[in-house]
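Since the structure comes first, as structure tokens, the remarks are kept for the end.
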Amino acid sequence: MGDTVVTILAIILAAVLMFIFPLMSVADRSDDVSQLSVQNSTTTFVDNIRSTGRITLADYSKFAQEINATGNTYDIEIEVKVLDENPGKKTAQTTYEKIGENVYYTEYTTQIMEDLNDASNNNTKYLKEGDIVSVSVKNTNTTISQLLRNFFYRVTGNDSATIGASNGGIVTVNGRN
């Protein structure tokens, strides 16, 4: 009777070692590939915004399609800090290029999406030189890797994102040229 229990435990341990851990390794590599793809797409999207001075609905849709091609769903957050051309200083030598006198106001994803969905603006959000744009992406679904880790290790919680990317920078040209 004792040999039967040991044999069953050995079979279960062998099954775990032969199937579960390689499956976890493949799932982790899949998340790594998705992470790299999302980071590259985010960098390309932000660099395009910085070099053209505009965010278009077509570019945003292409970006969303590229990252969703990984098989995951993502939350995309865009933040634009718009350089205020009239900071309201009452001095004779105030220019927006001077350090310490720049005033920014922030527009977030919902405000930017309203501009992108506005046909009267050619579905474009125009930026100017000196504006700061940042894009943050994180997955909203639970990947196979997360499920396996939650089951075996109890490491991650339900709200943690394993795939994410962010990038930002200063716009270098005026979008309305």
Side-chain angles (χ1 to χ4, degrees), residues 30-143 145-146 150 155-177:
S30 175
D31 281 359
D32 291 345
V33 169
S34 295
Q35 170 69 32
L36 183 62
S37 175
V38 168
Q39 183 65 46
N40 287 339
S41 294
T42 304
T43 301
T44 302
F45 180 61
V46 170
D47 287 347
N48 183 43
I49 294 169
R50 291 179 54 233
S51 64
T52 61
R54 59 181 73 118
I55 305 171
T56 65
L57 184 60
D59 289 342
Y60 178 82
S61 298
K62 179 182 171 191
F63 171 63
Q65 186 177 16
E66 283 177 3
I67 63 173
N68 286 327
T70 62
N72 298 305
T73 56
Y74 296 93
D75 180 27
I76 302 171
E77 295 178 7
I78 303 174
E79 181 179 334
V80 175
K81 292 184 179 183
V82 180
L83 181 63
D84 190 1
E85 294 178 352
N86 185 9
K89 301 275 185 190
K90 302 291 185 196
T91 62
Q93 296 180 346
T94 301
T95 64
Y96 75 93
E97 288 115 350
K98 288 189 177 179
I99 296 174
E101 296 179 0
N102 292 340
V103 177
Y104 289 92
Y105 63 92
T106 306
E107 293 183 359
Y108 297 100
T109 306
T110 53
Q111 296 163 310
I112 294 166
M113 291 308 294
E114 287 175 5
D115 288 342
L116 293 182
N117 292 321
D118 184 10
S120 67
N121 237 4
N122 295 329
N123 295 8
T124 303
K125 169 76 176 165
Y126 294 101
L127 304 174
K128 62 186 172 307
E129 185 178 356
D131 291 350
I132 300 171
V133 62
S134 64
V135 177
S136 176
V137 178
K138 64 179 182 177
N139 72 310
T140 57
N141 64 317
T142 304
T143 65
S145 176
Q146 283 178 296
N150 285 342
V155 171
T156 60
N158 293 336
D159 293 336
S160 66
T162 59
I163 303 170
S166 62
N167 201 334
I170 297 176
V171 176
T172 58
V173 298
N174 289 326
R176 289 192 189 260
N177 285 339

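These values consider heavy atoms only, across backbone and side chains, with no hydrogens, waters or symmetry-generated copies.
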Looking at [X] and [Y], would you say the former's side chain and the latter's main chain have a donor-acceptor pair under 3.5 Å?
| X | Y | value |
| --- | --- | --- |
| Asn68 | Ala64 | yes |
| Arg50 | Ile170 | yes |
| Ser145 | Thr143 | no |
| Ser34 | Ser30 | yes |
| Gln39 | Leu36 | no |
| Ser61 | Ala58 | no |
| Asn121 | Asp115 | no |
| Asp131 | Lys128 | yes |
| Asp84 | Val103 | no |
| Gln35 | Gly164 | yes |

Could you tell me the separation between the [atom1] atom of [X] and the [atom2] atom of [Y], rounded to the nearest 0.5 Å?
| X | Y | atom1 | atom2 | result |
| --- | --- | --- | --- | --- |
| Tyr126 | Ile55 | OH | CD1 | 12.0 Å |
| Leu116 | Lys125 | CG | NZ | 8.5 Å |
| Thr73 | Asn141 | OG1 | CG | 4.0 Å |
| Ser136 | Glu77 | OG | CD | 5.5 Å |
| Thr70 | Asp31 | OG1 | CG | 9.0 Å |
| Asn117 | Asn123 | CG | CG | 6.5 Å |

Which heavy-atom pair separates [X] from [Y] by the least distance, and what is that distance?
| X | Y | result |
| --- | --- | --- |
| Tyr104 | Lys81 | CD2-O, 3.5 Å |
| Glu129 | Asn174 | N-OD1, 2.8 Å |
| Ile67 | Ser41 | CG2-CB, 3.8 Å |
| Val38 | Ala165 | CG1-CB, 3.8 Å |
| Gly53 | Val171 | CA-CG1, 3.8 Å |

request  = Could you list the residues that satisfy side-chain hydrogen bond (donor to acceptor under 3.5 Å, both in side chains) with Thr106, not counting sequence neighbours?
outcome  =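 For Thr106 there are no side-chain hydrogen bond (donor to acceptor under 3.5 Å, both in side chains) partners, ignoring immediate neighbours.
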request  = Quick one: list whatever passes side-chain hydrogen bond (donor to acceptor under 3.5 Å, both in side chains) with Asn40, sequence neighbours left out.
outcome  =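 For Asn40, no residue satisfies side-chain hydrogen bond (donor to acceptor under 3.5 Å, both in side chains) once neighbours in sequence are set aside.
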Positive for side chain to side chain contact (heavy atoms under 4.5 Å, CB included) with Tyr60, one of Val135, Ile78, Ile112, Ile49 = Ile78
Heavy-atom side-chain proximity of Lys62 to Asn48 below 4.5 angstrom = no
message = Does any part of the side chain of Thr109, heavy atoms only, come nearer than 4.5 Å to the side chain of Ile76, both counted from C-beta?
response = no
ask   = Going by atom types only, do Asn167 and Thr42 share a side-chain donor-acceptor pair under 3.5 Å?
value =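 Side-chain D/A pair, Asn167 to Thr42: absent.
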